[in-house]
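For reference, the structure discussed in these notes is given below.
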Amino acid sequence: MLVSFISFETLRELKRLFHWGPIIALGVIIICSIMAILDSILWYWPLDTLGGSLNFLTLVNWTVMILYNYFNAMFIGPGLVPRGWKPERTQECAYLQYCKVCEGYKAPRSHHCRKCNRCVMKMDHHCPWINNCCGHWNHSSFTLFLLLAPLGCIHAAYIFIMTMYTQLYNRISFGWNSVKIDMSMSLQDPTPIVPFGIAAFAVTLFALGLALGTTIAVGMLFFIQMKVILRNKTSIESWIEEKAKDRIQYYQTDETFIFPYDLGSKWKNFRQVFTWAGSPEGDGIEWKLREGCHPFTLTIEQLKQKADKRVRSVHYRAVEEYSGACCPLTKGFRTLFSTPCTEEPRMKLHKGDLVLATRGLKHWLYGDKLFEGELPEDGIRVRGWFPRRCVVKCVSDSGSDQSDDEKKTR
């Protein structure tokens, strides 16, 4: 029985590979690595000089370390709050949010992921490239992957450029009125170890584009992650802090929100994620606090924001059918080309459906479907994005005196 359970868990984890994110990410890594190895043999033969050997070994080392941290981030995972979890002290439940899906309370710094369908410890975000969440246990591996990938791509890009330069230089001949490039053979080495023709040149050029694009995109993600790590925050917690300032300013209250997990030193914050042992500080449930802060400061603020969201939400009634398509072709060009760039779901609408909108864009709204009669069989909330033109505001809505633009900015 135990063996079958382990096999099932292993198969479920391996299924993470069969997703567009890991397929694209591993494809880029494989293409850049193979082409860099082949081109390094052409440009700087590793068996002749010490420099060539170091160049080749460094290149292989980048590939191994990138894949190691990538698979660690994917398969170790962020850590999940146990189903049905609740604090040891019953009175502390008043400070926590309850998750109906996991049938337990959300531990401090945890959030429910719709993709993983579980509450995740210290959730930063759900990353499609690893098809998993970035959180407590895999935050360091994920960040190291973001660091090593651009460094490896910079090395690979240099090899690509030098290989194309040397190979073209050896194939160029100058005439009185013309320049001839012969890609069929080298003028200096008629029997190259790795043939370099037009196809090889095209693939090398393509790999160079992938390497440069990865360096820019992943490098920016690395700096974003380091920014929040040095403050001992996550991307979600940064957003909560911004909303706390917005809420205090909106209601003109005298309260002050102090983020409780910033230990006051960038080095101490850094050590919460990166340690010599390789595992982060803490167990994912209890956390070190800033001096003078309450252990539930953040969760209390989340409860206040949740209550505030209900107050400032707007009721809408559907007047047009909406199929739930990501890019609806029948709802106008503005709706089509302004579709939200997010993996959050789209919500199917029928005429007469009642919706509670909590946030929105110019041509799209996000909210929960309200059921006047029976709830869905699975009891799960139905929510997502839908076109603004498909609904009209209910006249009886208590918040109708506020404009859409004002609510949209909250």
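All heavy atoms count here, side chains included; hydrogens, waters and symmetry mates do not.
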List the steps and the verdict of side chain to side chain contact (heavy atoms under 4.5 Å, CB included) for Ile258 and Arg290.
-> CA-CA 9 Å; Ile258 299 176; Arg290 185 170 185 162; 4.2 Å; yes
Answer yes when Asp308 and Lys304 have at least one side-chain N-carboxylate O distance shorter than 4.0 Å, and no when they do not.
-> no
Carboxylate-amine/guanidinium proximity below 4.0 Å for Asp353 and Arg317 = no
Run the side chain to side chain contact (heavy atoms under 4.5 Å, CB included) check on Tyr105 and Cys99 step by step: do they pass?
-> CA-CA 6 Å; Tyr105 288 90; Cys99 179; over 6 Å; no
When the aromatic ring centroids of [X] and [Y] are compared, is their separation below 6.0 Å?
{"X": "Trp385", "Y": "His363", "answer": "no"}
{"X": "Phe142", "Y": "His125", "answer": "yes"}
{"X": "Tyr322", "Y": "His350", "answer": "no"}

Any donor and acceptor pair, going by atom type alone, linking the side chain of [X] with main-chain N or O of [Y] inside 3.5 Å?
{"X": "Thr339", "Y": "Thr335", "value": "no"}
{"X": "Gln305", "Y": "Ile240", "value": "yes"}
{"X": "Ser338", "Y": "Arg334", "value": "yes"}
{"X": "Asp283", "Y": "Glu286", "value": "yes"}
{"X": "Trp137", "Y": "Ile76", "value": "no"}
{"X": "Gln249", "Y": "Asp246", "value": "no"}
{"X": "Ser33", "Y": "Ile30", "value": "no"}
{"X": "Thr214", "Y": "Ala211", "value": "no"}
{"X": "Ser40", "Y": "Tyr44", "value": "no"}
{"X": "Asp39", "Y": "Thr163", "value": "no"}

May I ask you to check whether over 12 heavy atoms, not counting those of [X], lie within 6.0 Å of atom [atom1]?
{"X": "Gln91", "atom1": "CD", "value": "yes"}
{"X": "Tyr98", "atom1": "OH", "value": "yes"}
{"X": "Arg114", "atom1": "CZ", "value": "yes"}
{"X": "Tyr251", "atom1": "OH", "value": "yes"}
{"X": "Tyr158", "atom1": "OH", "value": "no"}

[atom1] of [X] to [atom2] of [Y]: how many Å apart, nearest 0.5 Å?
{"X": "Cys390", "Y": "Tyr316", "atom1": "SG", "atom2": "OH", "value": "13.0 Å"}
{"X": "Phe160", "Y": "Thr204", "atom1": "CZ", "atom2": "OG1", "value": "6.5 Å"}
{"X": "Leu336", "Y": "Cys327", "atom1": "CG", "atom2": "SG", "value": "6.0 Å"}

Locate the shortest heavy-atom distance separating Asn138 from Ala73; write the atom from each residue and the value.
-> ND2-O, 2.8 Å
Heavy atoms only: give me the nearest His136-Glu281 pair and the separation to one decimal.
-> CE1-O, 3.1 Å
Assess [X] against [Y]: is NZ or CZ under 6.0 Å from the centre of the six-membered ring, and within 45 degrees of the ring's axis?
{"X": "Arg359", "Y": "Trp364", "result": "no"}
{"X": "Lys233", "Y": "Tyr261", "result": "no"}
{"X": "Arg16", "Y": "Phe71", "result": "no"}

When you compare the side chain of [Y] with that of [X], does any pair of heavy atoms fall below 4.5 Å?
{"X": "His315", "Y": "Val355", "value": "no"}
{"X": "Arg231", "Y": "Phe259", "value": "no"}
{"X": "Met35", "Y": "Val203", "value": "yes"}
{"X": "His139", "Y": "Pro78", "value": "no"}
{"X": "Phe222", "Y": "Met226", "value": "yes"}
{"X": "Cys133", "Y": "Cys127", "value": "no"}
{"X": "Thr297", "Y": "His294", "value": "yes"}
{"X": "Lys122", "Y": "Ser110", "value": "no"}

The single option from Lys243, Lys306, Arg247 passing side-chain hydrogen bond (donor to acceptor under 3.5 Å, both in side chains) against Glu301 = Arg247
So, [X] and [Y]: side-chain donor and acceptor under 3.5 Å apart, yes or no?
{"X": "Glu237", "Y": "Asn232", "value": "no"}
{"X": "Asp262", "Y": "Asn269", "value": "yes"}
{"X": "Gln97", "Y": "His112", "value": "no"}
{"X": "Thr358", "Y": "Asp368", "value": "no"}
{"X": "Asn55", "Y": "His155", "value": "yes"}

Just do the side chain to side chain donor-acceptor pair (under 3.5 Å) check on Asp124 and Gln225 with the steps written out, would you?
-> CA-CA 9 Å; Asp124 185 87; Gln225 285 298 311; 3.2 Å; yes
Which of Lys348, Lys351, Lys331 passes salt bridge (charged side-chain N to carboxylate O under 4.0 Å, His left out) with Glu320? Answer is Lys331
